[in-house]
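Here's the structure, in structure tokens; my notes come after.
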Amino acid sequence: MRITIVGTGYVGLVTGAGFAEFGHHVTCVDVDAKRIEMLRQNEMPFHEPGLPELVRRNTMHGRLAFTTNLKDAVTGSLAVFIAVGTPSGEDGSADLKYVLEAARDIGRAIDGYTVIVTKSTVPVGTADKVRAAVAAETTHAFAVASNPEFLKEGDAVNDFLKPARVIVGADDQRAIDLLRDLYRGIMRTTDRIQVMSVRSAELTKYAANAMLATRISFMNELAAICEVVGADIESIRKGIGSDPRIGPKFLFAGAGYGGSCFGKDLRALAYLGRELDVPLQVVNAVDRANERQKRLLGERVIKHFGGHLAGKRIGIWGLAFKPETDDIREAPALSLVEQLLAAGATVIGYDPVAVPNVRALLGDRIELATDPYAAAHNVDALVLVTEWHELRQPDLERLASTMRSKVLIDGRNVWPREDAVAAGFIYYGIGRPFVDPGRR
Ligand SMILES: NC(=O)c1ccc[n+]([C@@H]2O[C@H](COP(=O)([O-])OP(=O)(O)OC[C@H]3O[C@@H](n4cnc5c(N)ncnc54)[C@H](O)[C@@H]3O)[C@@H](O)[C@H]2O)c1
């Protein structure tokens, strides 16, 4: 099937390459000419495991192409996916300007019946706005469907090729049939397509993100209780995660969630609640709790050094908002850097892939190391923010010989606490009893 994807970000590019892998002919469109030129040269605009191979293979076989010319791409396409950004507006609402701009462009370009599919995360009622925007530009028949995306950055290719479910929101049978056909190759073992109303599909995406974020904030709040009463959040995580009604995923206490989705989507959902006069108290509390959590590591460092950090060097391991991505949007590490700098510290950061993005954002306000132990050299404390595999088991002897003072702040509870204490480090975790080897 010939299709077009509008927007070649994390979602659009993975979706386009994924559909091409199943034999469809896909054209990916973006307004960012530099990004399209990179893709034509087989260079990836961001880090995503498995994506370069997928893009290369399908480009080589002539099933995947890139252009800035939306009209050429859309002409002859049976389905056009909108996968552009939906950032937070100032009031927390989802800003639909890119979605509606794309819809108008698509309306001007279609040359026969076309299914226009919103893959971007959009508030309930957006399909109606997309329909109106397209209708204002064309006399051709078309349908609007919602097909929200649930991929996780860092594992996006797997998530797209082997989705837990595919949500299709549509009222038009022809659109439903076409989307079923499009996803047929992906659904070989079991049919995981769930068809529902457009509004239900739009809301399902927000519900999923709000539920996942709720679990994280809930555990973070429990972690704070643990620290006061001397309990260990890791025991509690295992204790409740083994209950099949709860399950083990998304129960890690840590430095707070980041990324381009949870915060933005919770704010958009909360805004929707306010607009509809339906109080969403849980959603509001989850976001507030996360904002507080993102400051926890910084406060811990500042408190440890008596309230100010002038003359202190603090190392940070992991800057991306989570492992296996170079995405730093709303990353907890960025909040930490700002707190440390404001308290007068010199900050040295390391990340396996996010360094160029951090450099572009922060310039020389932060020192960036190309090796984790270089980021620990002569530091007064080392903070783990993003638990990349390579950062989970530090060489404690090497750290002890290179750090100026032996203070470890483990923002993900992955470092070997007992070993660290035995090696003379002061160790702070999240929601775990504080251990100072000097006072044992
Ligand atoms: N990133 C994720 O993990 C993820 C997961 C699920 C859903 N989503 C949702 O998917 C949407 C896209 O997210 P993303 O992270 O891929 O965004 P992104 O910022 O990485 O990419 C968006 C792309 O759209 C392009 N664009 C903007 N306006 C355009 C237009 N009129 N025509 C063509 N291209 C245009 C931009 O240049 C950019 O390349 C958002 O609504 C997001 O909430 C994201």
Side-chain angles (χ1 to χ4, degrees), residues 4-18 27-39 44-49 51 66-74 80-89 93-109 116-123 126 130 133-134 137 146-160 163-167 201-202 204-210 212-213 257-269 320-322 324-331 357:
T4 294
I5 314 282
V6 182
T8 56
Y10 290 86
V11 168
L13 187 55
V14 171
T15 301
T27 309
C28 289
V29 183
D30 207 290
V31 285
D32 183 342
K34 205 169 133 214
R35 175 166 289 214
I36 291 298
E37 195 42 45
M38 277 177 84
L39 286 162
M44 295 300 114
F46 47 81
H47 175 85
E48 185 59 49
L51 189 61
F66 300 98
T67 181
T68 53
N69 189 325
L70 183 137
K71 179 137 186 58
D72 283 358
V74 166
V80 181
F81 286 77
I82 299 176
V84 300
T86 46
S88 273
S93 63
D95 186 344
L96 292 177
K97 69 172 180 261
Y98 302 112
V99 169
L100 296 177
E101 192 182 298
R104 285 188 290 273
D105 289 345
I106 295 165
R108 281 191 285 275
I116 298 159
V117 190
T118 45
K119 205 163 227 335
S120 300
T121 303
V122 290
T126 300
V130 168
V134 176
E137 304 290 342
S146 166
N147 175 216
E149 182 51 58
F150 296 91
L151 61 76
K152 310 181 279 300
E153 283 175 30
D155 201 20
V157 170
N158 271 329
D159 283 342
F160 187 82
R165 79 312 210 177
V166 169
I167 301 288
E202 289 171 335
T204 299
K205 174 65 195 177
Y206 284 101
N209 277 356
L212 295 171
Y257 57 75
S260 67
C261 292
F262 281 4
K264 150 182 100 66
D265 292 349
L266 261 74
R267 289 191 289 274
L269 188 55
F321 88 90
K322 65 172 181 179
E324 303 298 336
T325 182
D326 61 352
D327 197 345
I328 56 166
R329 293 180 282 186
E330 300 200 23
N357 286 342

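Note that ligands are numbered from 1 as they come in the structure, with each ligand's atoms numbered from 1 the same way.
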Review point. Taking only heavy atoms of Gly9, which atoms of ligand 1 are found under 4.0 Å from at least one of them?
Key: 16 (O), 18 (P), 20 (O), 21 (O), 23 (C)
Review point. Which ligand 1 atoms does Val11 reach within 4.0 Å, using its non-hydrogen atoms?
Key: 4 (C), 5 (C), 6 (C), 7 (C), 8 (N), 10 (O), 16 (O), 44 (C)
**Study point:** Sub-4.5 Å side-chain heavy-atom contact between Phe66 and Arg35
**Key:** no
Point to revise | Contact check, side chains of Asp105 and Val29, non-hydrogen atoms, under 4.5 Å | key: no
Review point. Under 4.5 Å between any side-chain heavy atoms of Thr121 and Lys264, yes or no?
Key: yes
Exercise for review: Would you mind listing which atoms of ligand 1 come within a distance below 4.0 Å of any non-hydrogen atom of Arg35?
Suggested key: 39 (O)
Review point. At a 4.0 Å threshold, what atoms of ligand 1 neighbour a non-hydrogen atom of Glu153?
Key: 1 (N), 2 (C), 3 (O)
Check your understanding: What are the atoms of ligand 1, with element, lying closer than 4.0 Å to any heavy atom of Tyr98?
Key -> 28 (N)
Practice item. Would you mind running through ligand 1 and noting each atom that sits below 4.0 Å from a heavy atom of Gly85? Key: 22 (C)
Exercise for review: Give the numbers and elements of all ligand 1 atoms closer than 4.0 Å to a heavy atom of Thr86.
Suggested key: 40 (C), 41 (O), 43 (O)
Review point. If you measure from atom 7 (C) of ligand 1 to every heavy atom of Ile82, Val84, Thr121, which option wins on shortest distance?
Key: Thr121
Point to revise | Min side-chain heavy-atom separation Phe46-Glu153 under 4.5 Å | key: no
Check your understanding: How many angstroms lie between atom OH of Tyr10 and atom CG of Leu51, to the nearest 0.5 angstrom?
Key -> 10.5 Å
Review point. Roughly how far apart are Leu151 CG and Lys119 NZ, rounded to 0.5 Å?
Key: 7.5 Å
Practice item. Could you say whether the N/O atoms of Lys119 and ligand 1 ever approach to under 3.5 Å? Key: no
Review point. Any idea which of Glu101, Glu149, Lys205 brings a heavy atom closest to atom 31 (N) of ligand 1?
Key: Glu101
Review point. Just wondering, do Leu13 and Pro45 contact through their side chains at under 4.5 Å, heavy atoms?
Key: yes
Practice item. Mark the output for Lys152 as yes if a heavy-atom distance to ligand 1 is under 4.0 Å, and as no if none is. Key: no
Review point. Is any side-chain heavy atom of Met38 less than 4.5 Å from a side-chain heavy atom of Met44?
Key: no
Check your understanding: Salt bridge between Glu137 and Arg104, side-chain N to carboxylate O under 4.0 Å?
Key -> no
Practice item. Provide the number and element of each atom of ligand 1 under 4.0 Å from a heavy atom of Val6. Key: 32 (N), 33 (C)
Review point. Considering only heavy atoms, does Ala83 approach ligand 1 within less than 4.0 Å through its side chain, its backbone, both, or neither?
Key: backbone
Check your understanding: Side chain, backbone, both or neither: which part of Arg329 comes within less than 4.0 Å of ligand 1 when only heavy atoms are counted?
Key -> side chain
Study note, to complete from the structure: With heavy atoms and a 4.0 Å threshold, my read on which part of Ser260 contacts ligand 1 is side chain
Exercise for review: Would you check if Leu212 and Phe262 make a side-chain contact, meaning some heavy-atom pair closer than 4.5 Å?
Suggested key: yes
Practice item. Decide whether the shortest distance between a heavy atom of Glu48 and an atom of ligand 1 is less than 4.0 Å. Key: no
